Amino acid sequence: MASDSDRNERMEKIVSLCKRRGFIFQSAEMYGGMNGCWDYGPLGTELKRNLKDYWWKKTVTEREDIVGMDGSILTHQDVLKASGHVGGFSDPMSDCLLSRARLRADQVPEQSGVAVWYSGAKHEATDWSVNTEFAVLVPEGKDPDSAKKTARQFYGERMPDKKISPKELELIEEKREELESTTRFNPANGSLLTEPREFNLMFQTSVGASSDEGSVAYLRPETAQSIFVQFKNILETSRQKLPFGIAQIGKAFRNEINPRNFTFRSREFEQMETEFFCRGEDGLRLTDEWLEKRLNFYGEIGIPREKLHVLDVPDGERAHYSSKTYDIEYDFPFGIQELEGVAYRTDYDLKKHGEASGKPIEYFDEQTKEKLIPHVVEPSAGCDRTVLALICEAFDEETITNEKGKEETRTVMRFDPKMAPVKCGIFPLLKNKPELVNKAREVKELLLPFMNVFYDEAGAVGRRYRRQDEIGTPFCVTIDFDTLGEDGSDLEGTVTVRERDSMKQERVPIAELSTYLLQRIV
RNA sequence: GCGGGUAUAGCUUAAUGGUAAAGCCCUAGCCUUCCAAGCUAGUUAUGCGAGUUCGAUUCUCGCUACCCGCUCCA
């Protein structure tokens with residue numbers, strides 16, 4: 001197991017490579033950056049597109065029972081009121097100043113007693129003082145002087161010299177007041193709490209020129225809601241029967257308190273979600289089936305099964321709507337973190353939207369002649385998180401010994417060829433030989449319609465190989481003098497194909513080149 | 001949100017209260033017959049804003065961003 005500092009160093013190298021080679025940049029970097037937002041550069045965009053295209057192909061194109069949609073990001077406030085996103089999940093929180101525990105402000109019990117307020121504390125011997133307001137609530141019947149111990153503890157933590165006992169501190173008492181039914185103090189230790197803060201994690205905006213109550217809209221916090229809200233329309237127009245799914249790839253927004261770990265927790269992110277509707281009795285079984293399908297998917301894009309972890313989210317930690325949730329987690333350099341949640345959301349969402357809109361969402365089963373509210377299983381994958389996992393998984397530094405016996409480091413992004421941003425590098429062996437250059441350009445034109453290629457003629461060919469290694473290009477093609485048939489070579493019309501991981505070379509006729517490569521990159 | 005740390009060129013690192021240095025990378029040219037060769041030339045930096053000072057990249061303060069640990073994550 002790598003140490004923490006190794007893993008940190010690895011992550012720093014990955015972030016650095018992402019910037020150096022144009023995978024991912026910080027948003028608004030030239031203005032000092034924007035917390036929690038990231039931009040994809042040319043290669044990052046190709047990589048992300050390959051992932052989304054493959055997901056769509058596997059989820060929608062190759063299945064008869066799943067259809068796609070693309071919903072608006074701006075979301076009607078009533079949709080999110082019905083789903084519970086407005087109101088329900090923005091609990092005011094208070095922090096304990098002493099223990100730093102975070103409490104839900106509406107769950108702090110009412111207390112009575114004497115509040116002892118302090119404006120600060122000082123330590124004469126070391127000429128140290130602090131002017132921070134603090135207070136302790138002493139319950140009725142106890143000596144108000146007992147507040148001193150708690151206050152000394154609070155101010156003691158702020159002293160630079162930890163060897164001095166907080167008992168030597170002189171407290172600056174401000175006032176004492178009798179309070180009844182207050183909720184501003186931590187019942188566990190009497191310490192003052194911070195003012196309650198709203199944690200509304202949705203971005204709110206207003207639609208239309210005049211902003212009044214009715215104009216409030218939100219940037220969607222998940223793509224799922226637009227699927228639920230369009231369920232009836234899609235059911236009627238797509239001629240699907242239960243069980244069937246609706247899939248969507250799109251942006252979602254959460255005002256995360258604390259963005260962290262490169263692109264992992266961003267305020268703006270893309271989801272790849274399927275809502276798979278079914279009869280209630282099939283929900284749990286399908287949840288297990290989807291888990292397996294999704295694990296296979298990650299294997300197909302180059303994330304090995306042993307780096308994935310399945311968390312069966314226990315009761316009490318699941319979202320309010322879910323009666324079963326699996327988290328698929330990946331072993332990132334910064335820890336094991338969630339890539340995708342496979343959640344059985346029951347009939348919660350369709351029921352809520354039916355109630356709130358006054359238009360019940362029902363499905364008529366023609367065989368059993370019954371009306372029912374479909375249940376739903378939701379495999380919801382984080383697109384940006386999966387891109388990050390692909391990058392972390394691909395990153396490798398290989399120590400190789402060159403011909404002069406010198407050790408050097410080869411940086412290789414070992415992307416699965418399906419995911420690689422560039423599929424093939426194309427090089428003339430030498431730049432100053434027009435025959436080679438012309439032939440190489442011909443080969444480029446030949447491959448261009450089939451795949452993303454990169455033509456490079458600068459410098460020594462070895463350097464060009466290494467450059468492609470660093471962006472994960474699986475194949476490089478070099479046009480040399482044998483290709484031209486000089487000296488009567490029987491290799492005329494063939495090129496060298498060099499493979500990224502093994503660095504092995506193979507001679508392939510130009511006529512077979514596109515077939516050769518296409519077989520290896522899909 | 002709390003605490004700690006960091007901020008000099010695309011990257012990695014120097015130096016300084018008084019002209020900011022180097023290597024790698026990148027660009028152009030020469031050369032080069034398969035794994036970061038060589039030569040020549042060139043572009044690019046003290047995160048932002050105040051203060052102290054004759055003068056601040058350097059000292060002080062604030063802000064922003066990033067990293068680490070907590071916290072949070074419908």
Side-chain angles (χ1 to χ4, degrees), chain A residues 4-5 7-9 11-13 15-22 25-38 41 80 83-91 93-97 99-103 157-158 194-195 197 199-202 221-222 224-225 254-262 264-265 267 317-322 334-335 337-338 341 343 345 348 400-404 406 408-411 427-433 436 458-470 476-484 486-487 495-498 500 503-505:
Chain A
D4 278 1
S5 69
R7 293 172 74 98
N8 287 344
E9 196 188 336
M11 199 57 215
E12 279 175 24
K13 282 178 177 170
V15 173
S16 169
L17 183 140
C18 281
K19 185 181 177 187
R20 184 170 68 241
R21 290 302 184 187
F25 308 115
Q26 186 168 23
S27 186
E29 191 193 54
M30 67 185 292
Y31 288 100
M34 186 163 172
N35 189 240
C37 296
W38 303 88
L80 295 164
S83 68
H85 288 86
V86 177
F89 310 127
S90 56
D91 304 313
M93 304 291 273
S94 292
D95 292 335
C96 172
L97 288 171
S99 68
R100 303 218 167 88
R102 176 160 291 168
L103 307 171
E157 282 177 12
R158 278 148 185 81
T194 59
E195 293 286 341
R197 277 186 297 267
F199 281 80
N200 192 342
L201 296 185
M202 282 200 295
E222 58 178 12
Q225 293 307 322
R254 291 181 198 178
N255 208 349
E256 296 288 351
I257 298 162
N258 193 355
R260 214 32 104 71
N261 290 329
F262 199 27
F264 182 82
R265 180 166 299 143
R267 293 202 162 113
E317 289 179 30
R318 285 192 300 269
H320 60 286
Y321 50 70
S322 176
F334 47 81
Q337 298 276 355
E338 182 186 349
R345 293 179 78 135
Y348 176 87
I400 56 174
T401 309
N402 68 16
E403 286 164 353
K404 294 164 197 142
K406 223 176 92 182
E408 54 184 21
T409 303
R410 184 172 80 112
T411 304
F427 317 141
L429 184 60
L430 297 174
K431 178 178 154 186
N432 59 355
K433 298 286 186 292
L436 291 177
V461 73
R463 173 187 295 273
R464 287 176 261 161
Y465 285 144
R466 297 301 176 82
R467 246 199 296 248
Q468 294 303 313
D469 288 342
E470 216 181 20
C476 291
V477 165
T478 300
I479 285 78
D480 61 13
F481 293 98
D482 289 340
T483 310
L484 304 173
E486 278 195 358
D487 306 324
V495 292
T496 304
V497 178
R498 179 260 199 189
R500 176 193 68 204
M503 297 196 283
K504 293 228 169 74
Q505 303 190 344

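Everything numeric in this text was worked out from a predicted model, so none of it was measured. Just the heavy atoms: all of them, side chains too, but no hydrogens, waters or symmetry mates, feed the values below. The sequence lines fix the lettering, A, B, ..., with proteins before strands; numbering per chain opens at 1.
In this entry the distance linking CD of A:Glu12 with P of B:U13 reads 9 Å, nearest Å. Put simply, CG on A:Asn261 is 16 Å from P on B:A65, counting in whole angstrom units. Whole-Å rounding puts the A:Asp482 CG to B:C34 P distance at 11 Å. What separates CD1 of A:Ile479 from C1' of B:C34 is a distance of 12 Å, to the nearest Å. Atom-to-atom, CE of A:Met30 to C1' of B:A65 comes out at 15 Å; the value is rounded to the nearest Å. One interatomic measurement links the two molecules: CE of A:Met202 to C1' of B:C73, which rounds to 15 Å at whole-angstrom precision. Rounding to whole angstrom units, CG of residue A:Leu80 and P of B:A74 are separated by 16 Å. Computed from coordinates, the A:Met34 CE to B:C66 P distance equals 11 Å when rounded to whole Å.
Summarising the geometry of A:Phe25 relative to A:Lys19, their closest heavy-atom pair is CE2-O, 3.5 Å, with the distance given to 0.1 Å. Across every non-hydrogen atom of A:Arg265 and A:Asn258, the tightest pair is CD-O, 3.7 Å. The two residues A:Gln26 and A:Trp38 come nearest to each other via the heavy atoms CA-CE3, 3.6 Å.
Residue-to-nucleotide contacts include no donor-acceptor pair under 3.5 Å from the side chain of A:Arg20 to the base of B:C11. A donor N or O paired with an acceptor N or O is found under 3.5 Å between the base of B:C35 and the side-chain atoms of A:Arg498. Checked by distance alone, A:Arg21 brings no side-chain donor or acceptor within 3.5 Å of a matching partner on the base of B:G10. A:Gln505 contributes a side-chain N or O that forms a donor-acceptor pair with the base of B:C34 under 3.5 Å. Contact annotation: side chain of A:Tyr31 to base of B:C48, donor-acceptor pair absent below 3.5 Å. Remark: the A:Thr496 side chain and the B:C34 base include a donor-acceptor N/O pair separated by less than 3.5 Å. Taking 3.5 Å as the limit, the base of B:C34 and the side chain of A:Asp480 contain a donor-acceptor pair of atoms between them.
Summarising the base pairing, B:U32 is matched to no nucleotide, lacking a Watson-Crick or G-U wobble pair whose two defining distances lie under 3.5 Å. The partner of B:U58 is absent, by the rule that a Watson-Crick or G-U pair needs both atom distances under 3.5 Å. Base pairing of B:C24 is made with B:G10, judged by Watson-Crick or G-U wobble geometry with both donor-acceptor distances under 3.5 Å. For B:C70, the paired base is B:G1 (Watson-Crick or G-U wobble, both distances below 3.5 Å). Across the strands present, B:C63 finds its partner in B:G47; the criterion is a Watson-Crick or G-U wobble pair with both atom distances under 3.5 angstrom. Nucleotide B:A37 forms a pair with no other nucleotide shown, judged by Watson-Crick or G-U wobble geometry with both contacts under 3.5 Å.
The residue A:Gly36 sits close only to the backbone: its heavy atoms come under 4.0 Å of sugar-phosphate atoms, none of a base.
Close to B:G29, at under 4.0 Å from its OP1 or OP2, lies no side-chain N or O of A:Asn432. OP1 or OP2 of B:C66 sits under 4.0 Å from a side-chain N or O of A:Asn35. Listed pair A:Lys19 / B:C11 meets the phosphate criterion, a side-chain N or O lying under 4.0 Å from OP1 or OP2. At B:C25, one or more side-chain N or O atoms of A:Arg463 fall inside 4.0 Å of OP1 or OP2 (strictly under the cut-off). Contact annotation: A:Gln26 does not reach the phosphate of B:A65 (side-chain N/O to OP1 or OP2, under 4.0 Å). Phosphate proximity of B:C66 to A:Arg265: absent, as no side-chain N or O sits under 4.0 Å from OP1 or OP2.
Contact check for A:Arg260 versus A:Phe334: no side-chain heavy atoms found under the 4.5 Å cut-off.
Nearest nucleotide to the side chain of A:Lys431, out of B:G29, B:C26, B:C34: B:G29. In this structure, of B:U33, B:C68, B:A74, it is B:U33 that holds the atom nearest to the side chain of A:Glu486. Set against B:A74, B:G69, B:U27, the side chain of A:Arg467 has B:U27 as its closest nucleotide. Of the listed nucleotides (B:A36, B:C34, B:U33), B:A36 has the atom at the smallest distance from the side chain of A:Glu470.
A:Arg498 CZ to A:Arg464 CZ: the interatomic distance, rounded to the nearest 0.5 Å, is 12.5 Å.
Within a 6.0 Å radius of CE in A:Met34, other residues, nucleotides and ligands contribute 12 heavy atoms or fewer.
B:G51 and B:U57 have their P atoms separated by 13 Å, given to the nearest Å. Using atom P as the reference point in both B:G47 and B:A65, the two lie 16 Å apart (nearest Å).
Comparing A:Leu430 and A:Asn258 by the nucleotide of RNA chain B whose heavy atom lies nearest to each, the residue mapping closer to the 5' end is A:Asn258. The 5' end of RNA chain B is approached more closely, in terms of each residue's nearest nucleotide, by A:Ser16 than by the other of A:Ser16 and A:Met11.
Residues A:Tyr321 and A:Ser83 have side chains that never bring a donor and an acceptor to within less than 3.5 angstrom of each other.
Distance alone, capped at 3.5 Å, places no donor-acceptor pair between the A:Arg254 side chain and the A:Leu201 backbone.
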